[in-house]
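First the proteins, then the strands, lettered A, B, ... as listed; each starts at 1.
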Amino acid sequence: MVWISEADSGSPAVPVRVFLFNGVGIRKLACLSQTMSDTRKPFPFPEFEPKWQARWESEKTFRTAGPGDADFDPGKPKYYVLDMFPYPSGSGLHVGHPEGYTATDIVGRYKRMMGFNVLHPMGYDSFGLPAEQYAIKTGQHPAITTAANIENFRRQLKSLGFGYDWDREIATTDPEYVRWTQWIFLQIYGSYFCEVENKAKPVTELEAKGWTREQIDEVRLAFVADTPVWWSPDLGTVLANEEVEEWKSKGHIVERRPLRQWMLRITKYSQRLIDELDTLDWPEGIKLLQKNWIGRSEGASVQFEIADFDTEIEVFTTRPDTLFGATYMVLAPEHPLVARITTADQTSAVEAYQKACASKSDLDRGDLNKDKSGVFTGAFAINPVNDEQIPIWIADYVMMGYGTGAIMAVPAHDERDWEFAKRFALPIKMVVALDSNQPLDALDEATPGHGTAMNSGFLDGLPTAEAKAKMIDWLESRSKGTRRIQFKLRDWLFSRQRYWGEPFPITWKDGQHHAIPESELPLLAPPLDDYKPSGTPEPILTKAADWVRLPDGSTRETNTMPQWAGSCWYYLRYCDPTNNGRLISQEAEDYWSDEKPGMVDLYVGGTEHAVLHLLYARFWHKVLYDLGHVRTPEPFQKLVNQGLILGEDGVKMSKSRGNVVNPDDVVSEYGADSLRLYEMFMGPLEQVKPWQMKGVEGVSRFLARVWRVAFEEDTVSSKIQDVPCTDPALLRTVHETLKKVGEDIEKLSFNTAISQMMICTNAFTQAEVVPLKEFIQLLTVLNPFAPHLTEEIHARLGGKTMLSEATWPRYDEAALVRNEIELVVQVNGKLRDRLMVSKDIDEEAAKAAAFASAKVMEHLEGKTIRKIVFIPGKIFNIVAN
RNA sequence: GCCGGGAUGGCGGAAUUGGUAGACGCGCUAGACUUAGGAUCUAGUAUCGAAAGGUGUGCAGGUUCGAGUCCUGUUCCCGGCACCA
């Protein structure tokens, strides 16, 4: 039997059944279609997949009842399973999307069948630079292209049969969504970080204490600062550090320049962002990535006086124990003190060097890793421990952005300082003897390790850890330094000069910024005819003069927020997506949170967001938590990263390589169920794996076999009988399948679950009689994986209800029991025989059976038995020599 | 350079966590049904060997009655960070 449909016509096809048992079929085929391969379907999915999708949609099968809904049952346990929502690009869904989406769909459907109230929503991260670039190219407003792209994504997602609650669909560009993104910004803007309580609090508390407006602006979590930023003249915006590479690789110019920008004080949360990772069920690798990104190091800050100047230089060091070995100092070329301390005869050299550095990016600096460069300022600092005068240099291996932008150089024990000292013939003084007994005078490289202090006055003889502590105490007692913890994490550059983003809900008057009233939210960007970058750092919204100028003489902030803003909190909005009075109702927030630290039970998405989205979202969530708007301290309890799907050639899919697989093509050729199943059967979810079209055919054949167990031609197979299962082996296979599939879904081990269902299907194929009840149990556990096919078979077998609403079948422990097992007999650990024995055979009986085996005796010939190892039910090992 | 992850048949991958290596699928081989097969079904398929049997989880050692799994060293591949003081 073959099904024919006009798969490529784009309209829902009416399938024509043709039986190919004679030549008529082929002639019919030939005239109905140009190429046979396009139209041969082993089961009629082009007919039933859209049918079931339409039914789920019209019956709202996957609608989730929440607090406030009439059918809400507060007694049901909640389960929140979330996908990283897509950026709706013009090229549509990539096969990487359905990988994670199918995984969460299986878990969501499974949890529903297990009796959970499952929240499994979908939406669109629809602001962003690419939409604006496209708008510039085509002259169409980004709202139009974005809407079209969303529509295409929605169609594709629906064609895959995902059980989303479409009533909760959101897009970050929706005005109602923008309202709450801006509202959260105002909460951040209206807060400061209280160091005592280690949390954010409203700035109104400071007002009450009599702080001035200027003082408050200094501590807000959202603030304006002049910082060197990455600016792209042809994109017309600044970029975050992390975005620079991406746009550069697309051929855009990116340069460094100081600009006045909005920043968010994420650095205040550094310690909490590290500590609270421990409460989360995330891959250790991702936790480590975040920890390294935040980059905590413990040490001390030390004050160095400058000879002949009434000023000091502060440095940060993780090795205060090596202070006696500091033989020179280095300032970053941009350090504000450089101009002041440089002596007249060094000025021209210093300025030339500064200029050379300014034209280099950080990346170029990195390339010069090996070759140290620098210039002497002519000034000297005084080492606080021994009052020695040490020269002050400037060099680009010291960066302004970390620590204080100045270091004490200890060339004997730091590789970079060593190279620099060698290059410029600066003194090297050894102050730590390593634990290994190396000769102290034959030093030919830096020794950064721990050891015992030497040449260090009051520290001599102390191991590094103690020497550090003692030195800090010494510095603190003389007010020349303090214990200090330093983080690599920088404050978050939060403003962009683009059009297609949320405007800041801020106005300016007399050089001061003000929040606009909540009642004026959402503040939407005005329509513009021209989004082209002007080549200047002026935000594009500046062009909308009428919008910018307000009647009271104040002006609007013209920067917009970065794309991350919308994705920082979307998981909250899904809980209560249409609430116009609040970000999320108290009841919804309360119900969808539980005792675990993270609100979302399972979050699946790509590794590319390991440090950006996942760090930003945690930060926003913590601010909202501190201010009492949410009751969990973390957003995502369990995180799983799906592995990248490579092209058939084993490399990353890309248009230029021509190895991109379009999900639409797979769906029309093999059906949505085959695509879903294949993506899950490829291998472990987290693993990187190449696409194989032959593999899609393989799972498609499996689904066809399931179909053929039920149907012969187009009638119900005579093998299907509504009788008790009398074959214990078949019954055992079915119950093993019920057990394993459930356990494997819990472990997200979908590939092995599918393999078990294949085994079960093969057993049904070979059985003389297929008991209806057991077959439907298989269909039920297969339903989360292949929902359309299973619903269709179930309905055709007379099922009145939908499998999607079935309860998960429980396996029967009794059906799993085997009376006979295979006992493996080994001689010296090598397999010699397998014996069918009773499942609870004891050692004596096992021994008798083993020694009755000719194969075993053959290998024992001429040997003395030394030992016998018997593992009941598994192994009988004879050790002999 | 530093930090992670990985290496199992021709291919994607299994292996109850120390107990029969290669489940399941792809591919391949042979057969059956066919005018036909890129459909379906049956059997086989790590490797050497005619067989008995030997050898096999990147490589070299070690622990153990027994190692893909644990320990030590090492090579290669992938990802991240990269002068972070």
Report the base-pairing partner of B/G25 (Watson-Crick or G-U wobble, both distances below 3.5 angstrom), or none. B/C11
OP1 or OP2 of B/U55 less than 4.0 angstrom from a side-chain nitrogen or oxygen of A/K830, does that happen here? yes
Respond yes when some side-chain nitrogen or oxygen of A/T752 is under 4.0 Å from OP1 or OP2 of B/A23, and no when none is. no
In Watson-Crick or G-U wobble terms, with both distances under 3.5 Å, the base opposite B/C59 is B/G73
Which is true for A/K694 with a 4.0 Å heavy-atom rule: it touches a base, it touches only sugar-phosphate, or it touches nothing? sugar-phosphate
Is the closest side-chain donor-acceptor distance between A/Q756 and A/T737 under 3.5 Å? yes
Go ahead and name the base partner of B/G18; Watson-Crick or wobble counts if both distances stay under 3.5 Å, otherwise write none. none
Are A/Y670 and A/F45 close enough that their ring centres sit under 6.0 Å apart? no
Can a side chain N or O of A/N751 be found less than 4.0 Å away from OP1 or OP2 on B/A23? no
A/R832 vs B/G53: side-chain N/O to OP1/OP2 distance below 4.0 Å: no
N/O (side chain, A/R701) to phosphate O (OP1/OP2, B/C26) under 4.0 Å: yes
Does A/G403 reach a base, just sugar-phosphate, or nothing at all? Heavy atoms under 4.0 Å. nothing
chi for B/G12 classified (syn = within 90 degrees of 0, anti otherwise) as anti
OP1, OP2 of B/G25 versus side-chain N and O of A/Q692: anything below 4.0 Å? no
Nearest-nucleotide wise, let me know which of A/K855 and A/I878 is further upstream toward the 5' end of RNA chain B. A/K855
Any strand counts, and the cut-off is 3.5 Å on both contacts for Watson-Crick or G-U wobble. Which nucleotide pairs with B/G4? B/C78
Taking the same atom, P, in B/G1 and in B/U45, what whole-Å distance lies between them? 47 Å
Base, sugar-phosphate, or nothing: which does A/I871 touch, judged by heavy atoms less than 4.0 Å apart? base
So what does A/E822 hit on the nucleic acid, given a heavy-atom distance under 4.0 Å: a base, only sugar-phosphate, or nothing? base
Between the side chain of A/H859 and the main-chain N/O of A/K855, is any donor-acceptor distance below 3.5 Å? yes
Tell me which nucleotide among B/C26, B/C83, B/G19 gets nearest to the side chain of A/M399. B/C83
Mind checking A/G285 for me? I need base, sugar-phosphate or nothing, with any heavy atom below 4.0 Å counting as a touch. sugar-phosphate
Which part of the nucleic acid, if any, lies within reach of A/R705 when heavy atoms closer than 4.0 Å are counted: base, sugar-phosphate only, or nothing? sugar-phosphate
When both hydrogen-bonding distances must be under 3.5 Å and the geometry is Watson-Crick or G-U wobble, what is B/A39 paired with, if anything? none
